[in-house]
Amino acid sequence: MHVLLDGPAAAPRLTRLDEHGAPSAEPETVAPEGLAERMRAIEVAERPRWVWDDTALRYPAVVAAGVRLARCHDLRLSRAILRRSARTAGTSLAGSPPDGWDREPLPPAAPDAGEALFDLGADALGELPADALDEYARQRAAIAASTAPGALGALLAVESAGALIAVELRRAGLPWDRERHEAVLESMLGPRPAPGRRPRGLERILDELRAITGLRALNPDSPTVLVAQLRSIGVMVGSTNQWELQEIDHPAIAPLLEYKKRARLMTANGWNWLDAWVRGGRFRPDYVPGGVVTGRWATNGGGALQLPAQLRSAARADPGWRLVVADAAQLEPRILAALAGDRAMREAGRGRDLYRGMVDRGVVATREHAKLGMLGAMYGGTTGESARLLPQLARAFPRALALVEHAAREGEQGRVVSTLLGRSSPSPSLEWRALQARAAEPDAADAEVRRARTEARSWGRFTRNFVVQGTAAEWALAWMAAVRRGLRQLPEAAAAGRAPGPFGEQAHLVYFLHDEVIVHVPEEQAEDAALIVREGALEAGRLLFPGEPLDVPVTAAIVEDYGQAK
DNA sequence: TATCTTGGCGCC
DNA sequence: AGGGCGCCAAGATA
C-alpha cells in the first residue's frame with residue numbers, strides 16, 4: 001500500500017496507489033486540522049509507504065504536526081540513485097533527458113530557522129509536481145527492469161528511511177550543554193572577547209611567539225604571511241601545515257602549533273558557533289542525506305559530522321535521560337571482507353576486534369599495522385608504512401585485496417563501479433576522458449602521458465574507495481533504519497518528572513556520524529535501547545548479506561555525555 | 001562590496 | 001603519489 005501525500009496546505013490530499021503505482025481510488029481530501037490524525041490512522045492500520053517528491057521539503061511539517069511516518073519513498077533521492085546506477089542501464093529512466101526530478105537538494109535552511117522550519121502552513125504541504133505519479137511509475141519500472149531489483153529496492157528503502165531520520169534528527173536536536181561548551185572555550189581561550197578581537201588565551205601565546213622569534217608583527221592567522229615571516233628568521237618551510245611544522249626543531253614551533261590548535265577551536269566551534277547553532281539546549285545541524293557521491297550524508301552548516309573530540313562532553317543527556325552512544329567497530333574493512341567473500345578476513349574479525357584478529361593470526365605484528373595497512377588498501381596508499389604492509393595483507397586476504405584492486409583498475413579505465421546495493425560511481429569528466437585519449441596517441445608528449453597516468457590513478461583511488469565507503473554507507477543506513485524501527489516499538493516511558501523529549505518520553509535518535517549513532521533515552525530504558533542498537537546491526541547485516549549475514553560488533557555505551565563514551 | 005578560491009584542519 | 005567530506009579566515013578576483 002502506497003499513499004501519495006500532496007495538495008495545498010489548505011486542502012491536503014491522500015491518494016491510494018496500487019502495486020503498480022497507479023491511483024486505486026479517488027484522492028481523499030482532508031481538512032488540514034485533521035490531517036495529522038488521518039495520517040496517524042493510516043500509519044497504524046495500513047502500514048503504507050508514503051510517496052512524495054522530497055522528504056526534506058515536506059516531512060518537517062508532518063513531524064511538527066505530531067506524526068512520524070514509518071516508511072516513505074523519496075522520489076528525488078531515488079531518482080538520483082536510479083539515474084546513475086549501472087543496474088538500470090538501458091531502462092527508459094536512465095536514458096531519459098535530465099528533468100526537474102534530477103534537481104539538487106534544497107538550499108541550506110537558515111542556521112537559526114530551528115523550530116520555524118517546522119511550522120505547518122509554511123507551504124511545506126504544497127502540490128506535488130504534476131508528473132509525480134508518472135515519475136513514481138517510471139522509477140518502479142526502472143527497478144523492475146534493472147539487473148538487481150531486490151537490491152535496488154532495498155537501497156531506495158534505506159535511502160528514504162534516512163531522509164525521514166535526517167528530518168527527525170534536526171527536529172530532536174542533539175542535547176547540548178552550553179555551559180560545558182563555554183567552560184571548554186574558557187579553558188582554552190579565556191573569556192569571550194569583543195567581536196573581531198583575539199581572546200586573551202591566544203594573545204598570550206602570540207606574545208610568547210613574538211618574543212621567541214623577534215618578529216613584532218608576527219601574524220599566525222595568515223598562512224602566506226606566516227610562511228614568509230618564518231623564512232625571514234631562517235625557518236625554511238614551504239607551508240604552515242601541522243605535519244610540516246612538526247618536523248622542524250625550533251623553539252617557536254611548539255607554541256605555534258598550540259596557537260593554531262586553539263585558534264581552530266575558536267573559529268570552527270567557538271562562541272559564534274554556539275550562537276548560530278545551539279538553541280534551547282539543542283544542536284540542530286542540517287543533515288543532507290545522499291549528499292556525498294558515495295551515499296554518505298553531508299551536512300549543510302553546523303559541521304555536525306566534524307564535532308571535535310574535545311567538545312563531545314558538551315553533548316549531554318537531559319536530566320533523567322541517557323545517551324546510548326553506539327559505534328560500529330571497524331565497519332569498512334568488515335564490509336570489504338563480506339563484499340569480497342573473503343573467508344579468512346571474516347574469520348579474523350568474527351566476534352572481536354578485526355585488527356586484533358589479524359595480529360593473532362600472524363598476518364601483521366601490531367594492531368596499528370593492521371589498521372594502517374587496511375586503510376592503505378582501501379584508500380589506495382602507495383607510500384610509506386601502509387604500502388610496505390600490503391604484501392602481507394594480500395597474502396593473507398587475497399580476495400579482499402583483489403576486490404579493491406579491481407575497483408581501482410576499473411576506475412583507471414574510466415569505467416563505473418557500484419556498491420553492493422547498486423549505487424554507482426559517477427563517470428569521470430569529459431576533460432578526464434579527453435586527457436586519457438590524448439595520452440594514448442602515439443605522438444603524445446611525455447608530460448601529457450605522465451599527467452594522464454596521475455589522473456587515472458587518482459580516479460582509480462576514488463573508485464577503489466567508492467565500493468567500500470558506499471557499501472558501508474548502505475549498511476549504516478540499514479542499521480539506523482532498524483534502530484529507528486526498534487525505538488518506535490519501545491513504549492513511552494512512564495512520566496518521571498523529567499522534561500519530555502521532542503516525541504514525548506519516547507527514546508529517539510539524536511545523532512549520526514557515518515558509523516556511529518546516539519540515542520537519547522529515558523534512563524530506565526537505556527539498556528533496552530542498547531539492545532535495539534545491537535539488534536539493528538544484525539538486521540543490517542542480514543539485509544545486505546542474506547546468504548551469510550555480516551555481524552558487525554557494535555559498542556553501545558550508556559552515558560550521560562558523549563565524552564564519556566569510548 | 002560581493003563572490004570565489006585556497007590553506008589548513010576537524011571528522012569518518 | 002591515501003578515499004570522502006564541511007567550515008573558517010585570508011586572499012584573490014570581479
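By convention in this document, chain letters (A, B, ...) are assigned in the order of the sequence lines, proteins followed by strands, and residues within each chain are numbered from 1. Values in this document were obtained by computation on a predicted structure and should not be read as measured data.
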Trainee: Report which part of the nucleic acid A/Ala387 touches: base, sugar-phosphate, or nothing (heavy-atom distance under 4.0 Å, all strands).
Mentor: nothing

Trainee: In whole Å, what is the span from the CD1 atom of A/Ile335 to the C1' atom of C/dG3?
Mentor: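 In whole Å, C/dG3 C1' and A/Ile335 CD1 are 16 Å from each other.
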
Trainee: Remember a base hit wins even if backbone is also touched, and classify A/Lys260 as base, sugar-phosphate or nothing at under 4.0 Å, heavy atoms.
Mentor: sugar-phosphate

Trainee: Less than 4.0 angstrom from a charged side-chain N to a carboxylate O is my criterion; do A/Asp275 and A/Arg192 meet it?
Mentor: yes

Trainee: Quick one: which residue pairs count as a salt bridge (charged side-chain N to carboxylate O under 4.0 Å, His left out) with a foot in residues 387-408 of chain A, not counting sequence neighbours?
Mentor: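 Sorted result for residues 387-408 of chain A: A/Glu385-A/Arg388, A/Glu405-A/Arg409, A/Glu405-A/Arg464.
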
Trainee: Give a yes/no on whether any side-chain N or O of A/Arg461 is located under 4.0 angstrom from OP1 or OP2 of C/dG3.
Mentor: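 Result: yes.
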
Trainee: Looking at A/Glu412 and A/Arg453, does any basic side-chain N land under 4.0 Å from a carboxylate oxygen?
Mentor: no

Trainee: Let me know the distance between CZ of A/Phe462 and C1' of C/dA1, rounded to the nearest Å.
Mentor: 18 Å

Trainee: Grab the NZ-P distance between A/Lys371 and C/dG2 for me, whole Å please.
Mentor: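 It works out to 18 Å between those atoms.
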
Trainee: Is the shortest side-chain N/O distance from A/Ser222 to OP1 or OP2 of C/dG11 below 4.0 Å?
Mentor: yes

Trainee: What is the separation between atom CG on A/Leu202 and atom P on C/dC8, rounded to the nearest whole Å?
Mentor: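 The answer, rounded to whole Å, is 17 Å.
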
Trainee: Please classify the nucleic acid contact of A/Gly302 as base, sugar-phosphate, or nothing, using heavy-atom distances under 4.0 Å.
Mentor: sugar-phosphate

Trainee: Would A/Tyr379 pass as stacked on C/dG2, i.e. its ring centre under 5.5 Å from the base's six-membered ring centre and planes under 30° apart?
Mentor: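 Not stacked: fails the 5.5 Å / 30° test.
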
Trainee: At 4.0 Å (heavy atoms only), tell me whether A/Glu332 reaches a base, stays on the sugar-phosphate, or touches nothing.
Mentor: nothing

Trainee: Take A/Leu375 and A/Thr299, find for each the nucleotide of DNA chain C with the closest heavy atom, and name the residue whose nucleotide sits nearer the 5' end.
Mentor: A/Leu375

Trainee: Does A/Thr454 have a side-chain nitrogen or oxygen under 4.0 Å from the phosphate oxygens OP1 or OP2 of C/dA1?
Mentor: no

Trainee: Take the C1' atoms of the five end pairs on each side of the helix from B/dT1-C/dA14 to B/dC12-C/dG3, derive the two axes, and give their angle rounded to 10 degrees.
Mentor: 10°

Trainee: Can you tell me the distance, in whole Å, between the CG atom of A/Asn219 and the C1' atom of C/dA10?
Mentor: 9 Å

Trainee: Work out which heavy atom in A/Arg178 is nearest to a heavy atom in A/Val278; give both atom names and the distance.
Mentor: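 Closest pair (atom of A/Arg178, atom of A/Val278, distance): NH2-O, 3.7 Å.
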
Trainee: In whole Å, I'd like the distance from the CD atom of A/Glu385 to the P atom of C/dG2.
Mentor: 14 Å

Trainee: Could you tell me how far apart A/Gln306 (CD) and C/dG4 (P) are, to the nearest whole angstrom?
Mentor: 15 Å

Trainee: Classify the nucleic acid contact of A/Arg453 as base, sugar-phosphate or nothing, counting any heavy atom under 4.0 Å across all strands shown.
Mentor: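 The answer is nothing, as A/Arg453 stays clear of every strand by at least 4.0 Å.
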
Trainee: Taking the six-membered ring for Trp, are A/Phe283 and A/Trp273 closer than 6.0 Å centroid to centroid?
Mentor: yes

Trainee: Given A/Arg76, which partner from the list A/Thr55, A/Asp54, A/Asp102 fulfils the side chain to side chain donor-acceptor pair (under 3.5 Å) test?
Mentor: A/Asp54

Trainee: Give A/Val293 one of three labels, base, sugar-phosphate or nothing, depending on what nucleic acid heavy atoms sit under 4.0 Å from its own.
Mentor: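 Sugar-phosphate: the residue A/Val293, judged by heavy atoms under 4.0 Å, touches backbone atoms but no base.
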
Trainee: Would you mind reporting whether A/Leu230 and A/Leu256 have side-chain heavy atoms less than 4.5 Å apart?
Mentor: yes

Trainee: Taking A/Ser85 for the side chain and A/Leu82 for the main chain, is one N or O donor matched with an acceptor at less than 3.5 Å?
Mentor: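 Not confirmed, A/Ser85 side chain does not pair with A/Leu82 backbone.
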
Trainee: Please report the interatomic distance CG(A/Leu420) to CD(A/Glu474), rounded to the nearest 0.5 Å.
Mentor: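 A/Leu420 CG to A/Glu474 CD: 6.5 Å, rounded to 0.5 Å.
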
Trainee: I'd like to know if A/Arg204 and A/Glu208 make a salt bridge, using a cut-off of under 4.0 Å between side-chain N and carboxylate O.
Mentor: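 Between A/Glu208 and A/Arg204 there is no salt bridge, as every charged N stays at least 4.0 Å from the carboxylate O atoms.
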
Trainee: If you round to the nearest 0.5 Å, how far is CD of A/Glu455 from CZ of A/Arg450?
Mentor: 14.0 Å

Trainee: Does a nitrogen or oxygen in the side chain of A/Thr383 sit under 4.0 Å from OP1 or OP2 of C/dG2?
Mentor: yes

Trainee: Over all strands shown, is A/Ser239 touching base, sugar-phosphate only, or nothing at heavy-atom distances under 4.0 angstrom?
Mentor: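 Since only primed, P, OP1 and OP2 atoms lie under 4.0 Å of A/Ser239, the category is sugar-phosphate.
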
Trainee: Taking any atom closer than 4.0 angstrom to a non-hydrogen atom of chain A, what span of DNA chain B does the protein reach, first nucleotide to last?
Mentor: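 Terminal contacting nucleotides, 5' to 3': B/dG7 to B/dC12.
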
Trainee: Calculate the interatomic distance between A/Leu331 atom CG and C/dG4 atom P; express it in whole Å.
Mentor: 18 Å

